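To find a chain, count down the sequence lines: A is the first, B the second, and so on, and within it residues start at 1. Just so it is clear, the model here is predicted, and its values are computed rather than measured.
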Number of protein chains: 2
Amino acid sequence: MPAAERRPLTRERVVTAALRLADRRGLDALSMRRLGAALGVEAMSLYKHVPSKPALLDLLVERVLAEIVLPPPDVTWDRRLRHVAHELRRVSLAHPHVFPLLATRVPASPQALAPLETLLGALADAGLDDGETLRHFWTVIGWATGALLAETAAATGAGAASLSIPADLDAAAFPVFARLGAAIAACDFAEEFGRGLDVLVAAVRAAATKRQARPARGVGARRRRPPA
Amino acid sequence: MPAAERRPLTRERVVTAALRLADRRGLDALSMRRLGAALGVEAMSLYKHVPSKPALLDLLVERVLAEIVLPPPDVTWDRRLRHVAHELRRVSLAHPHVFPLLATRVPASPQALAPLETLLGALADAGLDDGETLRHFWTVIGWATGALLAETAAATGAGAASLSIPADLDAAAFPVFARLGAAIAACDFAEEFGRGLDVLVAAVRAAATKRQARPARGVGARRRRPPA
DNA sequence: ACCTGAACACCGTTCAAGT
DNA sequence: ACCTGAACACCGTTCAAGT
């Protein structure tokens, strides 16, 4: 193993090396000791730049989310929504071993929050009120999380394709399952991601259209704000 | 700590004790040594009943999913869909520390697969073709996974509410985020789960209606007119 | 002031030795 | 045949001692 360059250790270098280690050898291989070795340093030196291992995992999440390229702000809301979703898919597949962390830990830095703001903005611009915006935000985020958890698990070969038909499945007790078995096994993740997005964009459009047909009723419009 | 009963150790007792330990003290506290201690036995004795710790975690997932009560088969498809979703939410909140495992590991036993079969059956009965059934299946599963990951994280106090506004958020750079901050913090998970379900049921209904309005086209078969 | 060796309190798992 | 003590190869983290 060639000694790592003697550049001074920084938080950025630590996170970069951690991401590389996780990408190459999986999350289980990411130990403080191994990470130190990859940087040509003792494990204990890492604690100068990172408070703890959980904190390092949070930094990993922020780093990956920061790789998302935002859409130009002047395109239609549905293109912005699709853009963010596809970018999330892109960076997730670039770091499939890390994805379970993305699904589990919440980012706090502005860079990691920016894609979420873009998504919220797209939904608001679709014509949803605040409550509907939040609701559809959760639906999109939740759907993407679940879909990508399945796809990244398949990519790492770890947890099977998130739904595989056991060989000894009782076809009489599980008729639909048995019928769809082939379709499940042959699932084209890329196409399914696009079609799932179609379903959700259509749902947003339907909600917005319905709202437009209704007499306008803002959130809290009935209540009067107390004077500041 | 009272010595556990001297009943003979079985796989079932091991899984039960593991679930109780994870529920009470969190997943991090579930070590083979501690689990052995809870059963009044040495850690190494567990390996007689369970091949490894990852295998034990899989058994934990199966146990929790088996707690789902299936709907009666004779109710409408949308009630069956809602029933399964609400049951998944119920058992998830009964074991919030275990939920990250549910989102990450795929069940294989018939008992754990039964709720999925019910969900697939409901979608097929809604009038979707095979491809659409699978697509909406993923949408529902993905959405529920994401929503419950957020809710269980909030319940364990672990990862914040999956979306919290940092105190120092730049309101100018994150206008929608800042506007929705209060609504996010006050989110009523139970109501939001129901409304998210409404969105997805409506999406299924729309797809089914659209299909019905289309000239019938079976999977891989051109429509053939029955002789008049 | 920075880095680190040794140490502490743990892990999952193996296996030879006990009963 | 079953159980287990000791051991192996690791963990994350602390801290006093070195430079």
Side-chain angles (χ1 to χ4, degrees), chain A residues 1-61 63 97-98 100-101 104-105 158-159, chain B residues 1-61 63 97-98 100-101 104-105 158-159:
Chain A
M1 182 183 311
E5 282 180 41
R6 245 330 89 136
R7 268 181 301 160
L9 212 50
T10 63
R11 167 173 288 205
E12 211 211 317
R13 281 191 67 212
V14 170
V15 175
T16 301
L19 182 56
R20 220 165 64 166
L21 189 53
D23 283 343
R24 292 185 177 177
R25 311 217 197 286
L27 226 39
D28 287 344
L30 176 58
S31 75
M32 299 301 272
R33 282 170 155 92
R34 261 196 268 239
L35 178 54
L39 285 161
V41 109
E42 298 296 318
M44 312 79 199
S45 302
L46 301 173
Y47 287 87
K48 275 272 125 59
H49 304 96
V50 147
S52 69
K53 190 178 178 185
L56 173 62
L57 298 182
D58 284 337
L59 291 172
L60 231 40
V61 169
R63 170 69 64 86
H97 284 108
V98 177
L101 295 182
T104 289
R105 288 158 184 272
Chain B
M1 189 183 305
E5 283 180 40
R6 227 12 49 154
R7 269 179 301 161
L9 214 51
T10 63
R11 169 175 286 202
E12 212 214 314
R13 280 191 67 213
V14 171
V15 175
T16 301
L19 183 55
R20 220 166 62 167
L21 189 53
D23 283 343
R24 292 185 177 178
R25 311 216 198 285
L27 227 39
D28 287 344
L30 176 58
S31 76
M32 299 301 272
R33 282 169 154 92
R34 262 196 268 239
L35 178 55
L39 285 161
V41 109
E42 298 295 318
M44 313 79 200
S45 303
L46 302 173
Y47 287 87
K48 276 272 125 60
H49 304 96
V50 147
S52 68
K53 188 177 180 185
L56 173 62
L57 298 182
D58 284 338
L59 291 172
L60 231 41
V61 169
R63 170 68 63 87
H97 285 109
V98 178
L101 295 181
T104 290
R105 288 159 184 272

Could you give the CE-to-P distance, from M32(B) to dC11(D), as a whole number of Å?
19 Å
Checking contacts here: which listed nucleotide (dT4(D), dG12(D), dT13(C)) is nearest the side-chain heavy atoms of Y47(A)?
dG12(D)
Nearest whole angstrom, please: distance from the C1' of dA1(D) to the NE2 of H49(B).
13 Å
In whole angstroms, how far is the P atom of dC2(D) from the CG atom of L46(B)?
16 Å
Using whole Å, report how far CD of E42(A) lies from C1' of dG18(D).
14 Å
Hey, are the side chains of K48(A) and L9(A) touching, using non-hydrogen atoms and a 4.5 Å cut-off?
no
Could you state the CG-P distance from L39(A) to dC3(C), rounded to the nearest angstrom?
12 Å
For the student: nearest non-hydrogen atoms of M32(A) and L56(A), plus distance:
SD-CD2, 4.2 Å
At under 4.0 Å, does any side-chain N or O of R34(A) touch on OP1 or OP2 of dC10(D)?
no
Provide, to the nearest angstrom, the distance between the NZ atom belonging to K53(A) and the C1' atom belonging to dT13(D).
12 Å
Determine the interatomic distance between P on dA9(D) and the same-named atom on dA9(C); round to the nearest Å.
22 Å
Does any nucleotide pair with dG12(C) by Watson-Crick or G-U wobble geometry, both distances under 3.5 Å, and what is it?
dC8(D)
Once you round it to whole Å, what is the distance between P of dC10(C) and CG of L35(B)?
17 Å
Go ahead and name the base partner of dA17(C); Watson-Crick or wobble counts if both distances stay under 3.5 Å, otherwise write none.
none
Is there a Watson-Crick or G-U wobble partner for dC3(D) with both distances under 3.5 Å, and if so, which one is it?
none
dT13(D), OP1 or OP2 - any side-chain N/O from R33(A) closer than 4.0 Å?
no
Is any side-chain heavy atom of V61(B) less than 4.5 Å from a side-chain heavy atom of L57(B)?
no
Between C1' on dT4(C) and CG on L9(A), what's the gap in Å once rounded to a whole number?
14 Å
Could you say whether S31(A) or M44(B) is positioned toward the 5' end of DNA chain D, judged by the nucleotide with the nearest heavy atom to each?
M44(B)
Check: H97(A) and D28(A) side chains under 4.5 Å, non-hydrogen atoms:
no
So, does S45(A) get its side chain near the phosphate of dC3(C), meaning an N or O under 4.0 Å from OP1 or OP2?
no
Only one of R105(A), R63(A), K53(A) clears side chain to side chain donor-acceptor pair (under 3.5 Å) with D58(A); which?
R105(A)
